[in-house]
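The structure that follows is given in the form of structure tokens.
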Amino acid sequence: MNQTGDIGQSIIRTMPPELFNKIAAGEVIQRPASVAKELLDNAIDAGADRIKLIVQQAGRTLVQVIDNGCGMSQADTRLCFEPHATSKIQSIEDLYRVRTMGFRGEAMASIGSISQVEMKTKRVEDDSGTLLELWGGEEKRFEPVAVDDGTSIAVRNLFYNVPARRQFLKTDATELRHIIRTFQTAALANTNIEFEMHADGEQIHHLPVQKLEQRIASLFGKQYKASLIPFEEQTSYVKISGVLADPKLAKKSRGEQFLFVNGRPFQHRYLTYVLLSLFDTWTRQNEYPFYAIFFEMDPTQLDVNVHPAKLEVKFDDEKSIIQLARSVVKKAINQYFAVPDVSRSDTFQNDFDLSFERISGSPSQKSNFRRGEEPVQFPSRINFPSGRVDGDDAAERLYSDSGRSIQSEYRKTDSSTDTERGQKEFSERGFWQLHNRYILTQTRSGLTIIDQHTAHKRIIYEKALSATEETLPGTQQLLFAQTVELSATDFSLLKELLPIILRMGFSIQLLSGNTAIINGVPADIEIGDERQVLREMLQQYRELNKRPALDARRKVAIAFASRTAIPRGKRLTEAEMEMLIDQLFACEEPYSDPLDKPTLIYMPMDDIKNRFR
């Protein structure tokens, strides 16, 4: 309370519509993809069976959706841009049985307040349609117009009157990828609708009415056509169906995992974690397989109104939904890979003998092995009748290759003149490969262990960066050009990165239909692997987007080096090891790879001696 006597004055005021619509737009409309999603949802709710999406400059200057749905009357044309005006819900009960995509009645008002909107719409029973034009929520035109049945909404110059929001948009390629993802999600959930998408005058997708498996192949590439795993299970509570892709097609970045409930896309972190964990046996770390999973259930058993952008839902019985989804997907994977059911009680009895005699190595074990198979014995006193451990024999058992004696291998080595020279070189330079992963070499005061993969990654990375600065980078032309078909998101990314990729030594020509031709590659690429190298480079680049400190040129060089570096597990000759080490120490930063992982470790002799005390 102040001392001036103005107790009755209020400092709380009602905001004008143009202000609270812009604030609401901050929650509902985050980027051009948000506009595309709302317009596509409205077209689907209108009962359209043909929908066309057109964008220019990644949605900055235009996002337009044209449909042949039910259209609107003159009165509804104006009302749809009023805040909280909707045809989807009439009472509180309707909110808990929503089956439509949009329902809150705030999206169109928000869009209209931060852009220049032109809407043309006509119902089948009307003689003429209606044109409405809004600029920043202010009506500019409202008049009859000759137009086809359905609705066309063009949203131009998004955030033109909110420049602070516009400057936070990402690059055109990034924003376009978000729009493509939105389009893909709508197309997957509605295979009974014909979809079309154009970006900057080029057709990205044209999808007729088709089965789910065909649509997946159309959206993400023909390589999925023969590698899909359909499944379906139904209970009294929920129906779960969908398609998985063979894990061999898993990618190094997320983006091809889709969840739907009653046709509505949603996100669920824990459910996604559970589903991806089912593929761990068949995928490597940081690989993400494709799946599209659909839940059909009573809408009263879930809440779709728990997220500002309607990205999440809440199930009444979330635990049961997750357990059931896990069981259904696991069953589909096991059937695809013909994995036996280990839950049966007689499985181990029929296939394995876990008796003590079988493990301990007693004579009775021999009958448990197939002909030609010998039991594995570990060097221990219990494996020798006299209780004496033969050190040479134990070493031979542990370290010999496929049963061959170490001593006999050395005898073969001694009898070979070429290998004698190799041994002499080895003794002079001191190179040795450990498990086809690490290179060991002695120094004057200790031992150096080099990771062959990260070391080669550093070498290729610096070569690639250097190549981008050259006027004429080195390119090896292919005898036969390779045609590679990419997904729409990969193709848009390739288009963005093409100048950098060309300077690295690639020779690539872009065609229509998300297709490119590879005519030449840098010298570091093994001929015959060009298409896969390009695909994995694009995947790796998307993963590196999490590191904003790296510019595009460095991210492309890292992606290229990661894909073409010597893999762990490849055996190297002594000459190759020597060349690798020489090239590594010729680098500007030889002690770490481009992502700051160490390329080598050093163990001083004193540390080694201390370990034997």
Side-chain angles (χ1 to χ4, degrees), residues 12-43 45-46 53-67 69-89 101-123 126 128-148 150-169 175 179 308-310:
I12 299 177
R13 296 177 178 84
T14 302
M15 290 186 295
E18 61 270 17
L19 178 57
F20 67 66
N21 278 336
K22 288 180 181 178
I23 294 174
E27 290 186 346
V28 180
I29 308 302
Q30 300 173 354
R31 60 195 336 149
S34 305
V35 176
K37 180 183 185 303
E38 296 295 342
L39 300 186
L40 288 171
D41 285 350
N42 287 339
D45 289 341
L53 172 64
I54 302 172
V55 297
Q56 291 179 2
Q57 290 187 342
R60 297 172 192 268
T61 57
L62 175 66
V63 177
Q64 183 177 12
V65 170
I66 305 170
D67 69 66
C70 63
M72 285 183 282
S73 65
Q74 281 192 357
D76 286 344
T77 302
R78 268 186 169 141
L79 277 174
C80 78
F81 286 98
E82 292 294 324
H84 311 300
T86 179
S87 63
K88 314 297 173 59
I89 53 177
M101 297 296 102
F103 57 87
R104 291 180 182 153
E106 58 186 359
M108 295 306 297
S110 298
I111 293 171
S113 69
I114 55 174
S115 64
Q116 299 167 345
V117 180
E118 179 188 81
M119 181 165 73
K120 299 176 182 179
T121 183
K122 177 182 176 294
R123 298 183 299 180
D126 294 336
S128 63
T130 304
L131 167 66
L132 174 63
E133 188 173 325
L134 298 173
W135 283 30
E138 181 182 350
E139 185 176 305
K140 295 291 185 180
R141 295 170 64 191
F142 184 75
E143 59 191 36
V145 67
V147 67
D148 293 332
T151 302
S152 168
I153 302 181
V155 178
R156 293 185 171 87
N157 301 321
L158 187 65
F159 300 129
Y160 82 100
N161 56 352
V162 194
R165 294 291 308 280
R166 193 178 183 91
Q167 71 181 10
F168 282 102
L169 295 179
E175 296 298 340
I179 295 174
K310 296 176 290 187

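Just the heavy atoms: all of them, side chains too, but no hydrogens, waters or symmetry mates, feed the values below.
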Handout entry: Nearest non-hydrogen partners of R31 and L158, listed with the distance
Key = C-CD2, 4.1 Å

Practice task
Would you indicate whether the side-chain heavy atoms of N161 and I114 approach each other to under 4.5 Å?
Solution key: yes

Exercise for the section: For the pair R165 (side chain) and I29 (backbone), establish whether a donor and an acceptor sit closer than 3.5 Å, ignoring hydrogens and angles. Expected result: yes

Problem - Side-chain ion pair, K140 and E133, N-O less than 4.0 Å - result: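 E133 and K140: not salt-bridged.
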
Problem - Distance-minimising heavy-atom pair for I179 and A58 - result: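 That would be CD1-O, 3.4 Å.
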
Handout entry: Spacing of Q74 atom CD and T77 atom OG1 [to the nearest 0.5 Å]
Key =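 It comes to 7.0 Å.
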
Problem - Pairwise distance CD(E143) to CG(L132) - rounded to 0.5 angstrom - result: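 With rounding to 0.5 Å, CD (E143) is 10.0 Å from CG (L132).
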
Handout entry: Heavy-atom closest contact (F159 atom, L169 atom, distance)
Key = CE1-CD2, 4.2 Å

Exercise for the section: Measure the spacing between CG of L62 and CD1 of I54 and express it to the nearest 0.5 Å. Expected result: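 These two atoms lie 7.0 Å from each other.
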
Completion exercise
From the list V155, V55, L53, side chain to side chain contact (heavy atoms under 4.5 Å, CB included) partner of V65 resolves to L53

Practice task
Grab the two heavy atoms, one from Q56 and one from T61, that are nearest each other, plus how far apart they are.
Solution key: O-OG1, 3.2 Å

Exercise for the section: Find the distance between CD1 (I111) and OG (S34) and round it off to the nearest 0.5 Å. Expected result: 8.5 Å

Completion exercise
Of all heavy-atom pairs linking M119 and C80, the shortest is CE-SG, 3.6 Å

Problem - Sidechain-backbone polar pair: Y160 side chain, G136 backbone, donor-acceptor under 3.5 Å - result: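 Here the side-chain-to-backbone pair exists.
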
Problem - Any donor-acceptor N/O pair, D76 side chain to G71 backbone, under 3.5 Å - result: no

Handout entry: Euclidean distance, R123 CZ relative to T130 OG1, rounded to 0.5 Å
Key =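 Separation between the atoms: 8.5 Å.
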
Problem - Among E118, K120, Q64, the one residue meeting side chain to side chain donor-acceptor pair (under 3.5 Å) with S152 - result: Q64

Completion exercise
Smallest heavy-atom separation, D148 atom then K122 atom, equals O-CB, 3.7 Å

Exercise for the section: Hey, could you give me the CD1/CG distance between I153 and D67, rounded to the nearest 0.5 Å? Expected result: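 Going from CD1 on I153 over to CG on D67, the span is 7.5 Å.
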
